[in-house]
There are 2 protein chains.
Amino acid sequence: MQVSRSLEYAVRSLVCLASSRRPMDLGAIAEKERIPRAYLAKIMRTLVRGGLVSSTQGRTGGYRLRKPAGRIRLLEIYMLTEGPSKLLPCIGDGGSCSASASCSQKPVWIKVEQAVNEAFRNVTLKEMLPKKTNGGKGAGKRFEDPLSQERG
Amino acid sequence: MQVSRSLEYAVRSLVCLASSRRPMDLGAIAEKERIPRAYLAKIMRTLVRGGLVSSTQGRTGGYRLRKPAGRIRLLEIYMLTEGPSKLLPCIGDGGSCSASASCSQKPVWIKVEQAVNEAFRNVTLKEMLPKKTNGGKGAGKRFEDPLSQERG
DNA sequence: TTAAAAGTGGACCGCTGGGGTCCATGTTTA
DNA sequence: TAAACATGGACCCCAGCGGTCCACTTTTAA
């Protein structure tokens with residue numbers, strides 16, 4: 001049960017964006033994080049569609065976060081890159097299990113899945129940022145509240 | 001992030017064994033759970049090696065649990081069928097990550113992985129058994145303590 | 001004593017999906 | 001108007017999972 005490489009790349013890229021006070025373009029992220037450029041492009045699209053980052057096209061285009069890092073949960077990134085969780089195929093659509101209704105195992109699996117989801121929800125991007133060891137050298141707050149337009 | 005079919009089959013088979021007061025042979029389990037016989041054979045081997053079930057060979061051979069269902073945790077089955085968890089390849093061997101030592105994300109991933117493991121550890125086979133609706137018709141205790149020789 | 005019926009071990013195999021590439025196209029600015 | 005960016009989608013490769021097969025061992029029933 002490994003996490004997809006897409007998720008790993010997505011997280012790294014988002015951390016990258018969160019650590020930069022300016023928007024970054026694809027090439028910059030790809031190079032810094034050593035991610036295949038074309039593949040990263042595909043991933044960034046899903047992050048854009050998912051509303052985690054906003055993109056500007058054109059010559060000076062690039063990406064930036066749409067929320068402060070503290071409000072982006074690992075679960076969101078997870079659900080964008082991989083689908084909704086579904087530990088087992090029988091969970092969710094409510095019918096693919098041959099044992100059907102009276103299956104005594106299904107509720108337990110659901111419980112496990114919820115716990116796993118909780119594990120991912122409990123982590124926020126902010127916790128993954130590199131610790132700033134400088135005592136506030138000037139680039140002080142970065143991404144804390146300047147983008148709090150989205151308080152959903 | 002789905003769980004392997006092997007794990008699903010393993011769980012179903014163990015539930016099957018736990019629900020039966022007598023040992024069951026491969027064919028019986030395979031038929032009842034509708035699992036491909038040869039594939040199940042492979043899975044049962046790993047369960048035997050892992051010490052969850054004991055097998056007797058020969059003509060009247062079969063399988064039985066080695067511990068009461070209440071003492072078999074989902075995590076054990078998980079670790080037998082799939083390897084040790086490892087959400088990301090960089091976790092565990094301590095070096096495959098290009099960001100090496102100062103990686104600020106690794107500890108967070110480790111934390112997530114521990115939570116996931118906990119989710120699997122928190123479930124015991126017993127919780128997956130079908131609820132006995134009979135008020136103690138005779139086959140009362142089944143697998144509760146008759147096998148408590150192994151109290152590790 | 002021997003054949004049937006059970007488990008064991010391991011080689012093998014097909015196919016799916018994740019990881020990755022490529023190209024054509026839209027958009028912005030120097 | 002061309003360079004530099006993002007977007008969309010078709011396409012490809014291959015490791016690994018799910019599954020099969022066969023040769024072998026062990027036990028018991030006849």
Side-chain angles (χ1 to χ4, degrees), chain A residues 1-13 17 22-31 33-66 78 80-83 85-90 96, chain B residues 1-13 17 20 22-31 33-66 78 80-83 86-90 96:
Chain A
M1 214 180 64
Q2 277 200 187
V3 128
S4 73
R5 192 138 302 202
S6 294
L7 173 55
E8 186 198 338
Y9 289 164
V11 168
R12 300 227 313 257
S13 301
L17 287 180
R22 305 185 39 225
M24 295 179 71
D25 64 54
L26 196 63
I29 302 175
E31 189 183 10
E33 294 299 326
R34 303 197 156 269
I35 298 171
R37 185 196 180 91
Y39 189 39
L40 179 59
K42 193 196 279 186
I43 295 174
M44 293 310 289
R45 272 178 257 160
T46 79
L47 296 183
V48 169
R49 283 200 212 100
L52 289 189
V53 315
S54 67
S55 66
T56 59
Q57 292 196 169
R59 192 160 195 204
T60 59
Y63 301 94
R64 53 198 264 282
L65 291 191
R66 296 190 63 171
Y78 178 100
L80 284 179
T81 55
E82 325 192 356
S85 181
K86 283 210 168 211
L87 283 188
L88 288 186
C90 74
S96 60
Chain B
M1 213 181 61
Q2 277 200 188
V3 127
S4 72
R5 191 138 304 201
S6 294
L7 174 56
E8 186 198 338
Y9 288 165
V11 167
R12 301 226 313 257
S13 302
L17 287 180
S20 160
R22 305 185 39 224
M24 296 179 72
D25 63 54
L26 197 62
I29 303 174
E31 189 183 9
E33 295 298 326
R34 303 197 157 268
I35 299 172
R37 186 196 179 88
Y39 189 39
L40 179 59
K42 193 195 277 187
I43 294 173
M44 293 311 288
R45 272 178 257 160
T46 79
L47 296 183
V48 169
R49 283 200 212 100
L52 290 189
V53 315
S54 69
S55 65
T56 60
Q57 291 196 171
R59 193 160 195 204
T60 59
Y63 301 94
R64 54 198 265 282
L65 292 191
R66 296 190 63 170
Y78 178 101
L80 284 178
T81 55
E82 324 192 355
K86 282 210 168 211
L87 283 188
L88 288 186
C90 75
S96 61

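Treat the numbers as computed from the prediction; the structure is a model and nothing was measured.
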**Request:** Give one of base, sugar-phosphate or nothing for B/Gly62, where a contact means two heavy atoms less than 4.0 Å apart.
**Result:** sugar-phosphate
**Message:** Applying a 4.0 Å non-hydrogen cut-off, can you work out what A/Gly58 is touching in the nucleic acid: base, sugar-phosphate, or nothing?
**Reply:** base
**Prompt:** Have A/Ser6 and A/Tyr39 got a donor and an acceptor in their side chains that come within less than 3.5 Å?
**Reply:** yes
**Message:** Please give me the minimum heavy-atom distance between B/Leu65 and B/Val53, naming the atom from each residue.
**Reply:** CD2-CG1, 4.0 Å
**Asked** Which is true for A/Arg49 with a 4.0 Å heavy-atom rule: it touches a base, it touches only sugar-phosphate, or it touches nothing?
**Response** sugar-phosphate
**Item:** Pairwise distance CZ(B/Arg5) to CD1(B/Ile43) - rounded to 0.5 angstrom
**Value:** 10.5 Å
**Prompt:** For the residue pair B/Gly83 and B/Tyr78, what are the closest heavy atoms and their distance?
**Reply:** O-CE2, 3.9 Å
**Request:** Find the distance A/Asp25:CG to C/dT28:P and express it as a whole number of Å.
**Result:** 16 Å
**Message:** Using a 4.0 Å cut-off to any heavy atom of chain B, which nucleotides of DNA chain D are the first and last in contact, reading 5' to 3'?
**Reply:** D/dG18 to D/dA29
**Request:** Would you kindly say whether B/Arg66 and B/Ser54 are connected by a side-chain donor-acceptor distance under 3.5 Å?
**Result:** no
**Message:** Please give me the minimum heavy-atom distance between A/Glu82 and A/Ser4, naming the atom from each residue.
**Reply:** OE2-N, 2.7 Å
**Request:** Scan nucleotides 11-20 of chain C nucleotide by nucleotide, 5' to 3', and note B when protein non-hydrogen atoms come under 4.0 Å of the base, S if they reach only the sugar-phosphate, - if neither.
**Result:** B-------BB
**Message:** Using the side chain to side chain contact (heavy atoms under 4.5 Å, CB included) criterion, which residues pair with A/Arg37? Sequence neighbours excluded.
**Reply:** A/Leu26, A/Ala30
**Asked** When rounded to the nearest 0.5 angstrom, what is the spacing between CE in A/Met24 and OH in A/Tyr63?
**Response** 12.0 Å
**Request:** Specify the separation, in whole Å, of atom CG of A/Leu40 and atom C1' of C/dC22.
**Result:** 16 Å
**Separation of atom CZ in B/Arg59 from atom P in C/dA5, rounded to whole Å** = 6 Å
**Item:** Whole-Å distance separating the CD atom of B/Gln57 from the C1' atom of C/dG7
**Value:** 5 Å
**Prompt:** 5'-most contact on DNA chain C: A/Thr60 or B/Arg37, nearest heavy atom basis?
**Reply:** B/Arg37
**Item:** Gap separating the NZ atom of A/Lys42 from the CG atom of A/Leu47, nearest 0.5 angstrom
**Value:** 13.5 Å
